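Lettering of chains follows the sequences in order, A, B, ..., and the numbering in each one begins at 1. What you are looking at is a predicted structure, and each value in this text was computed from that prediction instead of being measured.
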2 protein chains.
Amino acid sequence: MDDLTEMLKGTLEGCVLHIIGNEETYGYAITRQLNELGFTDVVEGTIYTILVRLERNGLVQVTKRPSGQGPPRKFFALNDAGRERLATFWTKWEYLSSRIDNLKEGGR
Amino acid sequence: MDDLTEMLKGTLEGCVLHIIGNEETYGYAITRQLNELGFTDVVEGTIYTILVRLERNGLVQVTKRPSGQGPPRKFFALNDAGRERLATFWTKWEYLSSRIDNLKEGGR
DNA sequence: CCCTGGTACTACGTAGTGCCGAGTACCACT
DNA sequence: AGTGGTACTCGGCACTACGTAGTACCAGGG
């Protein structure tokens with residue numbers, strides 16, 4: 001799939017929140033998971049910037065743990081604010097995608 | 001619906017292309033139409049910048065016509081490049097939205 | 001007769017987000 | 001010693017949507 005960059009804006013962060021919400025995990029693994037889920041072109045750098053932002057905005061709880069196969073990992077888990085943000089993300093997504101599908105089908 | 005700004009990035013342009021594809025129309029009317037379609041917070045300024053971009057990128061054909069109730073209108077119609085861009089927009093949208101819905105349902 | 005309000009477009013700057021590249025660091029295997 | 005996979009950081013870039021101000025035309029009310 002060619003360049004989805006612009007379309008991912010605003011949604012990629014939500015996807016990351018969702019993944020973190022499923023289980024405590026870390027940046028590198030999130031990237032691999034997204035790649036497998038069809039977000040093939042998403043790279044580490046992008047995910048790390050999102051994670052830094054999430055932390056800065058107080059949406060996640062961070063725990064550093066040794067890895068055994070590389071540098072220590074930073075594990076992320078959602079806190080209450082994060083869960084709330086995730087919920088509003090899905091609300092927005094439902095709203096937006098229904099409007100757009102509607103636009104496409106309805107023709108006008 | 002609260003702030004959809006970030007989520008609209010990359011998709012709003014496609015919506016505008018779609019509307020123009022339905023019938024030759026102009027900026028102000030496009031804005032009103034989007035507002036009625038649920039994109040309530042989209043304002044003129046945003047649409048005009050998109051239209052300028054479409055023109056600059058050679059995706060539309062522009063015709064100026066007097067209005068009768070205000071300044072002259074700039075009517076926009078899709079050319080071949082525009083129709084092609086619209087088609088790839090829908091392809092991308094289908095792809096992305098299916099991945100995201102998949103992510104939401106599948107959990108992982 | 002001005003003034004408000006609706007129609008219609010232009011121009012400039014801002015902020016947010018994803019991407020890119022370079023760099024650091026640890027470990028396993030050859 | 002060198003390569004390759006794991007794992008994170010940092011700085012800058014590009015693109016997009018938004019906000020605000022300004023211009024301009026017309027109709028109707030005070």
Side-chain angles (χ1 to χ4, degrees), chain A residues 1-17 24-35 39-57 59-60 62-76 85 89 92 96 100, chain B residues 1-17 24-35 39-57 59-60 62-76 85 89 92 96 100:
Chain A
M1 173 60 51
D2 44 79
D3 196 26
L4 291 177
T5 303
E6 292 307 327
M7 238 181 230
L8 282 175
K9 293 194 175 175
T11 58
L12 191 54
E13 181 182 304
C15 295
V16 171
L17 280 171
E24 196 191 38
T25 181
Y26 57 98
Y28 190 81
I30 294 170
T31 310
R32 293 289 86 80
Q33 208 169 326
L34 283 168
N35 291 154
F39 302 86
T40 51
D41 295 339
V42 172
V43 293
E44 281 88 357
T46 303
I47 301 305
Y48 289 121
T49 52
I50 290 176
L51 291 171
V52 167
R53 200 163 65 224
L54 294 179
E55 188 176 2
R56 179 163 33 90
N57 294 354
L59 302 172
V60 289
V62 188
T63 318
K64 205 170 209 169
R65 299 216 186 88
S67 156
Q69 45 176 341
R73 295 167 175 161
K74 283 179 73 176
F75 280 83
F76 295 80
R85 176 72 134 263
F89 166 71
K92 285 190 195 179
L96 180 63
I100 291 182
Chain B
M1 173 62 50
D2 44 79
D3 195 26
L4 291 178
T5 302
E6 294 307 327
M7 238 182 231
L8 283 175
K9 294 196 174 170
T11 59
L12 192 53
E13 181 181 304
C15 295
V16 171
L17 280 171
E24 197 192 38
T25 181
Y26 56 98
Y28 190 81
I30 293 170
T31 310
R32 292 290 86 80
Q33 209 170 324
L34 283 168
N35 292 153
F39 302 87
T40 50
D41 296 338
V42 173
V43 294
E44 280 88 358
T46 302
I47 300 305
Y48 289 121
T49 52
I50 290 176
L51 292 172
V52 168
R53 200 161 66 223
L54 294 179
E55 189 177 1
R56 179 163 32 91
N57 294 354
L59 302 172
V60 290
V62 187
T63 317
K64 205 169 208 168
R65 300 217 185 88
S67 155
Q69 45 177 340
R73 297 166 175 162
K74 281 179 75 177
F75 281 82
F76 295 80
R85 175 71 134 263
F89 165 71
K92 286 188 194 179
L96 180 64
I100 291 182

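- For the pair B:F39 and A:L96, the minimum side-chain heavy-atom distance is below 4.5 Å.
- In this entry the distance linking CD of B:Q33 with C1' of C:dA8 reads 16 Å, nearest Å.
- With contacts defined as side-chain heavy-atom distances shorter than 4.5 Å, the pair B:M7/A:K9 does not qualify.
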Go through the steps for B:R65 and B:E24 under the test salt bridge (charged side-chain N to carboxylate O under 4.0 Å, His left out), then give the verdict. CA-CA 12 Å; B:R65 300 217 185 88; B:E24 197 192 38; 3.2 Å; yes
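- Nearest heavy-atom pair across B:C15 and A:I100 is SG-CG1, 4.2 Å.
- Side chains of B:M1 and B:D41 form no contact here, defined as non-hydrogen atoms less than 4.5 Å apart.
- If you measure from atom CG of B:L8 to atom C1' of C:dG18, you get 16 Å, rounded to the nearest angstrom.
- Nearest heavy-atom pair, A:N35 versus A:V42, reported as atom, atom and distance to 0.1 Å: ND2-O, 3.0 Å.
- In terms of position along DNA chain D, the nucleotide closest to A:G27 lies nearer the 5' end than the nucleotide closest to the other residue of the pair B:P71 and A:G27.
- Taking atom CG of residue A:L4 and atom P of nucleotide C:dT17, one finds them 18 Å apart after rounding to whole Å.
- Nucleotides of DNA chain D lying under 4.0 Å from heavy atoms of chain A occupy a range whose first and last members, 5' to 3', are D:dT6 to D:dT16.
- Counting to the nearest Å, the P atom of C:dT17 and the CG atom of A:L17 are 11 Å from each other.
- Atom pair A:L12:CG and C:dG16:P shows a separation of 18 Å (rounding to whole Å applied).
- Side-chain contact between B:T31 and B:T46 is absent, with no heavy-atom pair separated by less than 4.5 Å.
- Remark: A:T46, A:T49, A:I50, A:R53 in residues 41-56 of chain A come within less than 4.0 Å of DNA chain C through at least one heavy atom.
- Taking 4.0 Å as the cut-off between side-chain N and carboxylate O, A:E44 and A:R32 count as a salt-bridged pair.
- For B:Y26 against B:F76, the heavy-atom pair with the smallest separation is CA-CD1, 4.3 Å.
- Counted within 6.0 Å of CZ on B:R85, heavy atoms from surrounding residues, nucleotides or ligands total 12 or fewer; the atom is thus considered open.
- For the pair A:E6 CD and C:dC20 P, the interatomic distance rounds to 12 Å; values are reported in whole Å.
- Computed from C1' positions of five pairs at each end, the angle between the two local axes of the helix from C:dC1-D:dG30 to C:dT30-D:dA1 equals 10°, rounded to 10 degrees.
- Within 3.5 Å, no donor on the side chain of B:K9 pairs with an acceptor on the base of C:dG18, nor the reverse.
- Following rounding to the nearest Å, A:M7 (CE) and C:dG16 (C1') show an atom-to-atom distance of 18 Å.
- Rounding to whole angstrom units, CZ of residue B:R65 and P of C:dC9 are separated by 12 Å.
- Between B:Y26 and C:dA8, a side-chain N or O to OP1/OP2 separation shorter than 4.0 Å is present.
- Side-chain contact between B:T63 and B:K74 is absent, with no heavy atoms from C-beta onward closer than 4.5 Å.
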